[in-house]
Amino acid sequence: MIIPYLTALTTYFSYGLLFAFGQLRDFFRKSVDWWSASTLQGYAPICLGLEDFYIRRLYLRIQDCFNRPISSPPDAWFDVVERVSNDNNKTLKRTTKVNRCLNLGSYNYLGFAAADEYCTPRVIECLKKYTPSTCSTRVDGGTTILHAEMEECVANFVGKPAAIVFGMGYVTNSAILPVLIGKGGLIISDSLNHNSIVNGARGSGATVRVFQHNTPSHLESVLREQIADGQPRTHRPWKKIIVVVEGIYSMEGELCKLPEIVSICKKYKAFVYLDEAHSIGAVGKSGRGVCELLGVDTADVDIMMGTFTKSFGSSGGYIAGSKELIQYLKYTCPTHLYATSISAPAAQQIISSIKVVLGEDGSSRGAQKLARIRENSNFFRSELQKMGFEVLGDNDSPVMPIMLYNPAKIPAFSRECLKRNVAVVTVAFPATPLLLARARICISASHSREDLLKALEVIGTVGDMVGVKYFPAEPNKQQVEVGQVKKVD
Amino acid sequence: MANLYVRAAPTTDLNRNTEWFTYPGVWSTYILILFFSWLMVLSIFACSPGMAWTVVHLSHFFVTYQFFHWKKGTPFAEDQGIYNRLTWWEQIDSGKQLTRNRKFLTVVPIVLYLIASHTTDYQHPMLFFNTLAVFVLVVAKFPHMHKVRIFGINADQ
């Protein structure tokens with residue numbers, strides 16, 4: 001990532017100023033509160049004074065840019081509910097007015113978020129036949145015929161012998177990692193892995209080490225150092241080593257360097273856990289994810305995880321692996337044994353959307369969607385880069401973050417875009433590093449060319465107003481020719 | 001100046017409270033803030049340059065002691081309190097001692113002390129306070145003082 005030096009200095013200074021003002025306000029609040037009596041004498045405070053500083057003094061100031069409620073399905077255009085605040089953003093109240101906005105924030109990669117002509121009738125029929133909830137865990141009474149069909153469908157789609165599906169994507173990571181590895185094991189995870197993986201790793205009790213984002217050479221040096229050292233105090237050899245990487249990193253839009261990482265793991269006999277939450281269904285020639293895109297054999301990746309919330313328009317997560325692994329998980333994973341199984345209409349949506357993607361519904365809509373998302377992403381990214389924005393991410397990736405850096409530009413960008421009926425998602429500290437605040441754009445197959453052109457126009461105007469075009473814009477071809485015609489005598 | 005670009009290498013520090021210190025531009029920002037605060041003190045109080053440097057040095061002492069060596073924990077709750085017993089100084093660079101960042105942060109109060117005492121001609125009341133400030137700050141930053149709480153000051157219950 002390349003930052004202009006002046007922007008780095010001003011960003012640090014802005015955060016320092018915000019921090020200083022926050023501390024000043026806290027100081028006055030504490031002095032004022034010291035005089036007022038408290039009814040809870042002798043009770044411990046709910047938050048230690050410092051813990052919620054970021055939320056109270058920085059996040060609440062620009063609260064209207066996050067958590068915006070919507071009142072329609074998150075298709076290419078959707079309704080955003082307007083909110084007003086009477087006390088400077090400390091509390092927000094919903095009004096009854098809605099804005100029809102262009103949706104650049106939903107993970108709607110293949111366009112299944114809105115009603116689909118093949119999937120929705122089947123889902124409604126399933127809802128009438130099986131009711132919304134199974135009201136039971138998988139082992140008790142919650143496995144319907146749909147669940148078995150869905151797991152087989154997913155396993156075939158991903159290219160592994162067997163799969164197991166859970167009702168929630170976050171829980172898939174945080175509940176499976178403790179089952180697979182425990183004390184005496186080693187988890188090596190990428191430094192930019194999602195919070196669900198971090199939580200699962202911390203909950204497992206294994207030792208966790210981090211390697212520099214997407215740098216296979218650093219992964220190799222960490223592996224060598226850890227294998228030579230052994231377990232922390234006893235120096236015995238590790239019981240097992242799992243390397244956790246993601247297919248597409250949702251905050252960077254980058255693809256993982258999977259071939260190199262898989263070859264290093266094979267060399268040192270570590271297991272590979274691939275989290276394809278954003279890449280399954282969105283990249284690859286037939287939508288099968290990063291393995292297909294980068295040419296890695298799925299037999300080399302030991303555990304493949306993914307979610308259905310992004311490309312398939314449903315909910316839930318899956319783990320795909322060998323038959324023995326899935327059988328073991330069915331006996332031990334707490335989510336399978338104690339949590340309610342995924343609801344039947346959601347399962348039907350997964351089955352139908354996979355059938356559409358593979359073309360088994362009898363039309364070529366799946367292939368069209370895949371081609372359209374690839375075309376849309378590449379077009380949008382190249383146009384943004386031509387305008388002079390700093391856009392991250394590899395080609396073919398539908399996630400493109402636009403770097404903002406300064407904390408004041410985050411609400412400015414978000415509010416100005418909303419005024420022009422384009423809804424973008426801005427992400428700041430602590431989800432991203434302090435300096436590197438960004439606006440993340442997710443392109444969908446349901447965006448038409450006119451939608452993209454409107455988005456480009458709005459983002460271009462707002463970018464000029466806010467000052468985020470950090471790179472020089474490429475001049476148009478016509479201007480260059482006119483300039484060359486001038487002669488000097 | 002606007003065309004100078006730097007590359008931000010990704011870090012492996014998982015602690016969001018301290019990883020911002022590993023990116024480029026922090027040291028320059030720190031030095032520039034000190035310089036501009038000296039200019040502001042000079043313009044507001046209209047005192048001699050030496051007094052202004054003494055004021056900057058002593059307020060730098062109070063601010064950095066409070067935020068580096070007194071306040072413990074992190075300003076957000078997502079890390080579930082694993083750093084609640086560590087001050088910011090003990091958290092940076094994941095507790096490794098004698099890294100470049102720590103050496104820089106130890107040198108800054110010493111340089112400020114030299115400038116402040118030189119520009120006040122080593123006169124008495126200022127020299128005493130300046131020396132006390134720099135002594136406390138530098139001793140707090142020694143590697144041997146990692147996680148040490150003298151006489152139980154600032155220890156947890």
Side-chain angles (χ1 to χ4, degrees), chain A residues 1-17 19-20 22-23 44 47-59 189-193 195 198-199 201-202 208-215 218 222 252 390 403 405 429-436 470-472, chain B residues 1-37 40 59-60 62-64 66-68 70-88 91 94 154 156-157:
Chain A
M1 194 157 329
I2 306 176
I3 315 175
Y5 198 57
L6 195 59
T7 312
L9 297 182
T10 52
T11 311
Y12 284 124
F13 178 69
S14 314
Y15 272 110
L17 201 63
F19 184 74
Q23 293 287 341
C47 291
L48 294 179
L50 193 52
E51 244 176 36
D52 54 351
F53 176 78
Y54 176 76
I55 301 236
R56 274 181 299 116
R57 297 300 178 197
L58 271 73
Y59 177 82
S189 89
D190 191 291
S191 66
L192 293 179
N193 268 342
N195 191 259
V198 174
N199 256 328
R202 282 202 188 134
V208 182
R209 289 281 174 266
V210 164
F211 72 95
Q212 256 179 25
H213 174 62
N214 235 358
T215 317
H218 192 242
V222 169
E252 317 282 312
E390 181 170 355
M403 299 308 295
Y405 300 120
F429 187 71
T432 62
L434 183 77
L435 257 195
L436 311 173
Y470 293 115
F471 288 163
Chain B
M1 180 71 169
N3 275 338
L4 203 66
Y5 290 100
V6 283
R7 184 166 288 277
T11 62
T12 52
D13 193 354
L14 281 182
N15 183 1
R16 291 283 184 203
N17 191 21
T18 58
E19 52 107 44
W20 57 273
F21 210 73
T22 58
Y23 280 90
V26 196
W27 293 8
S28 316
T29 312
Y30 189 14
I31 296 176
L32 282 176
I33 290 182
L34 287 173
F35 180 66
F36 279 114
S37 54
M40 259 182 42
S59 42
H60 171 258
F62 284 121
V63 168
T64 51
Q66 160 81 347
F67 290 118
F68 290 0
W70 189 266
K71 281 252 183 234
K72 295 194 280 203
T74 53
F76 22 80
E78 280 92 33
D79 55 12
Q80 299 173 350
I82 47 183
Y83 301 109
N84 270 353
R85 294 172 159 255
L86 297 177
T87 62
W88 190 84
Q91 287 172 30
S94 322
N154 205 15
D156 310 305
Q157 42 296 46

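Just so we're on the same page: letters track the sequence lines, and every chain starts at 1.
At distances below 3.5 Å, at least one donor-acceptor pair connects side-chain atoms of A:D190 with backbone N or O atoms of A:N214.
Interface remark: A:L435 contributes side-chain atoms only to the contact with chain B (heavy atom separation under 4.5 Å). With a threshold of 4.5 angstrom between heavy atoms, A:F471 approaches chain B through its backbone and through its side chain. No part of A:A20 comes within reach of chain B, as not one of its non-hydrogen atoms sits under 4.5 angstrom from that chain. Within the 4.5 angstrom heavy-atom criterion, only backbone atoms of A:T432 (N, CA, C, O) approach chain B. Looking at B:V26, both its backbone and its side chain come within 4.5 Å of chain A, counting heavy atoms on both sides. Interface remark: A:R202 contributes side-chain atoms only to the contact with chain B (heavy atom separation under 4.5 Å). With a 4.5 Å cut-off on non-hydrogen atoms, B:Y30 does not touch chain A at all.
Checked against the 6.0 Å centroid threshold, A:Y470 and B:Y5 do not count as a close aromatic pair. Residues A:F53 and A:F19 place their aromatic rings such that the two centres sit under 6.0 Å apart.
B:S28 and A:Y5 are linked by a side-chain donor-acceptor pair at a separation below 3.5 angstrom, with hydrogens and angles left out of the test.
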Starting from the C-alpha separation in whole Å, work towards a yes-or-no answer on side-chain contact (heavy atoms from CB on, under 4.5 Å) for A:M403 and A:L436.
CA-CA 7 Å; A:M403 299 308 295; A:L436 311 173; 3.8 Å; yes
Tell me, with the steps shown, if B:W27 and B:F21 meet side-chain contact (heavy atoms from CB on, under 4.5 Å).
CA-CA 9 Å; B:W27 293 8; B:F21 210 73; 4.2 Å; yes
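Between chain B and the residues A:S191, A:A8, A:P433, the largest count of heavy-atom pairs under 4.5 Å involves A:P433.
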